[in-house]
Amino acid sequence: MKRYESWGRYPQAPAKEIRTMFWRNDDFPIKEDRLPMLAYGKGRSYGDVCLNEGGVLVDTEHLKRLIAFDEKNGILRCEAGLGLDDILEIIVPKGWFLPVTPGTKYITVGGAIANDVHGKNHHKAGTFGRHVTQFELLRSDGRRLHCSPDENSDLFRATIGGLGLTGFITWAEFKLIPINTAGIIEEKIRFANLNEFFEISGSSDKDYEYTVAWVDCLASGEHLGRGIFMRGNHATGGFPLDPHHGVRLGVPVDFPNFVLNPLSMKLFNEAYYNVQRQKEVRLVTHYEPFFYPLDAVKRWNRIYGRRGFLQYQCVVPPTDGVEAIREIIRRIAHSGNASFLAVLKEFGDIPSPGLLSFPRRGITLTLDIPFQGMPTLQLLSRLDEIVRQVGGALYPAKDARMSAENFQTFYPQWQEFSQYIDPRFSSSFWRRVTNNQEGA
Amino acid sequence: MRNILIAGATSAIAQETAKHFAQDGDNLFLVARNPEKLQAVADDLQARGAAKVATLNMDMNAIDRHEEMWHAAEGAIGTIDTLLVAYGVLPDQQACSKDIQRTLETFQTNTLSVIALLTIAANIFADQHYGTLAVISSVAGDRGRQSNYIYGASKGALNIFLQGLRNRLYKANVHVLTIKPGMVDTPMTAHLRKGPLFTNPQAVGEKIYQAIVKRVDTLYVPWYWRWVMVVIKAIPESLFKRLSL
């Protein structure tokens with residue numbers, strides 16, 4: 001049976017009803033009950049942007065048809081429930097790739113737009129929304145609005161990064177990038193501390209399409225901020241245009257809570273850092289393990305057990321933010337309450353088209369943290385303060401707990417955005433960060 | 001390369017099956033009633049790599065148009081070598097129990113029109129000495145139950161017809177595939193409560209594709225339905241009649 005929860009499995013906020021769109025030209029499944037509506041794709045956002053407690057989730061699972069694939073110019077038009085995983089199967093053999101991809105391919109096109117997702121190439125390509133050329137927005141009053149930079153451009157901007165609140169995206173069109181092979185030339189460089197990270201990152205942005213770093217969030221003192229920097233470019237040879245790679249493992253059951261404890265986390269982080277013996281490693285790899293290492297483990301969220309986990313992703317400005325990142329890592333290390341994989345990346349200055357998009361110039365840090373009740377929430381609230389003081393922001397797609405006050409500080413444009421919300425749409429997230437319990 | 005005619009091409013299972021043939025670069029002729037949905041499916045399969053996709057809007061209950069449909073298909077994509085029958089209705093059992101017209105309509109769609117189409121296709125395939133007849137039936141056709149026996153009988157008749165056809169066409173090198181899905185999460189079952197026994201159309205479509213390629217006789221999908229039905233069929237009628245199944 002399909003579960004309608006988010007990837008972090010916290011909070012549990014069950015919808016009252018699930019409805020389904022089978023065809024993109026179906027009428028919007030609205031009834032007289034006035035329940036708030038929200039589209040639901042694959043449930044891979046972490047917190048509650050994809051949840052609608054007490055309301056209706058409109059499942060987009062069946063809206064996964066291609067509409068047109070221009071193989072010559074690399075333009076794909078498809079229904080909004082189509083997954084990036086399916087898209088890769090279709091486009092890679094023809095020599096095309098996604099213009100931007102997050103760390104999982106199990107998301108829908110609609111979700112990629114609604115969260116204006118980013119990836120390892122943000123410094124070169126910006127967000128996913130930048131590559132969207134047009135889409136159709138179905139509003140609860142039955143109107144079908146064609147949105148592009150030229151047509152209904154306000155709604156186009158509001159819907160990109162609009163958290164699914166501006167209406168129901170039925171289909172979308174976006175541009176692809178050409179590749180010669182399915183391979184990535186990857187370099188992994190060990191860095192001993194944060195200063196080294198910024199050095200490597202700064203010198204990599206120009207020549208490397210993809211950059212990201214894993215940070216050992218449990219190392220403190222002189223090792224604070226050590227990690228492994230990964231950078232890469234599409235290979236021109238060495239791999240056929242084959243989307244398939246290796247086997248998939250699975251996590252068959254929820255892990256008991258004691259499996260992840262400060263010691264096992266410490267050992268994992270230690271091992272991950274030390275497994276690379278040389279300072280620098282260069283290899284050619286399939287794009288799958290490069291972009292989607294965690295997709296190899298189906299339902300990996302179960303390692304956090306039934307209590308679930310929280311993701312924390314912030315962005316802070318380039319200069320003032322350095323000290324903030326240092327302070328956040330210090331606090332996490334001190335708490336002992338982290339985090340398999342902490343990820344650090346410098347965003348570039350390519351503006352996001354979305355009105356409410358998260359990515360902006362600066363440094364972004366992502367952590368996942370097992371949910372342990374109040375102490376976890378208190379720790380993260382203190383991190384919020386640090387982010388807020390330097391004028392940073394948190395990523396709604398990862399959030400389950402930021403305060404309304406903080407959200408409204410991070411996104412001062414939220415009121416301007418509100419005018420584009422479809423009156424019949426809402427989400428658990430939106431009610432939370434606007435202090436609005438109406439309709440719930 | 002195959003030339004495939006799909007009757008009921010907008011069914012969720014048909015779409016999922018057809019995707020695999022499209023990926024193989026086959027030619028597809030799609031038949032369904034609703035032109036808008038049919039076009040959505042055709043566009044999808046074309047973009048997924050089908051060599052040629054042609055469509056025809058028609059109601060398969062129009063038995064006198066079946067031959068015309070076949071000619072149109074041959075005109076559009078060439079000699080047909082695979083027929084997939086994927087249309088059917090799932091009537092409300094309770095309503096049917098009191099409504100002769102609805103009961104007969106179920107048989108008209110699920111059984112009679114399919115038998116009519118298979119008769120034409122069987123003779124053509126027998127003459128050309130190759131071809132695959134793949135028909136989506138149901139596990140419900142394996143034994144009559146009070147909750148679903150109109151639908152079950154309409155599919156059960158089809159199962160026996162297909163057995164005979166398989167026997168007759170064996171020497172002519174014609175492959176007859178009876179597909180018996182369990183409960184599948186599709187628009188046809190949208191009104192039903194979904195339990196753990198429901199499976200998704202992708203999984204079913206992939207198995208049907210493989211069964212067509214491997215020339216399987218009878219496909220239970222998912223596989224465990226074969227054994228579930230072995231058990232259900234083994235219950236003596238004297239006991240079975242007392243159960244509320």
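Numbers restart at 1 for each chain; the letters A, B, ... are given by sequence-line order, proteins then strands.
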If you measure from the Lys or Arg side-chain nitrogens to the Asp or Glu carboxylate oxygens, is any gap between A:Asp27 and A:Arg143 under 4.0 Å?
->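 Not counted as a salt bridge, because no side-chain N and carboxylate O are separated by less than 4.0 Å.
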
Which bit of [X] is near chain B, if near means a heavy-atom gap under 4.5 Å: side chain, backbone, both or neither?
X       : result
A:Lys94 : neither
A:Arg24 : side chain
A:Leu82 : side chain

Going by atom types only, do [X] and [Y] share a side-chain donor-acceptor pair under 3.5 Å?
X        : Y        : answer
B:Thr178 : B:Asn159 : no
B:Asn27  : B:Asn3   : yes
A:Tyr292 : A:Thr101 : yes
A:Thr170 : A:Glu136 : yes
A:His244 : A:Glu288 : no

Identify which of A:Arg65, A:Glu71, A:Glu79 forms the greatest number of heavy-atom pairs closer than 4.5 Å to chain B.
->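 The residue among A:Arg65, A:Glu71, A:Glu79 with the greatest pair count is A:Arg65.
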
Contact winner vs chain B - A:Glu89, A:Lys64, A:Arg77, heavy-atom pairs under 4.5 Å |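 Of the candidates given, the most pairs with chain B belong to A:Lys64.
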
The reported gap from OG1 in A:Thr166 to CG in A:Leu138 (rounded to nearest 0.5 angstrom) is 11.0 Å

Specify which of B:Lys37, B:Arg48, B:Glu36 makes the most heavy-atom pairs with chain A at under 4.5 Å.
-> B:Lys37

What part of [X] lies closer than 4.5 angstrom to a heavy atom of chain A: side chain, backbone, both or neither?
X        : result
B:Thr186 : backbone
B:Gln39  : neither
B:Gln15  : side chain

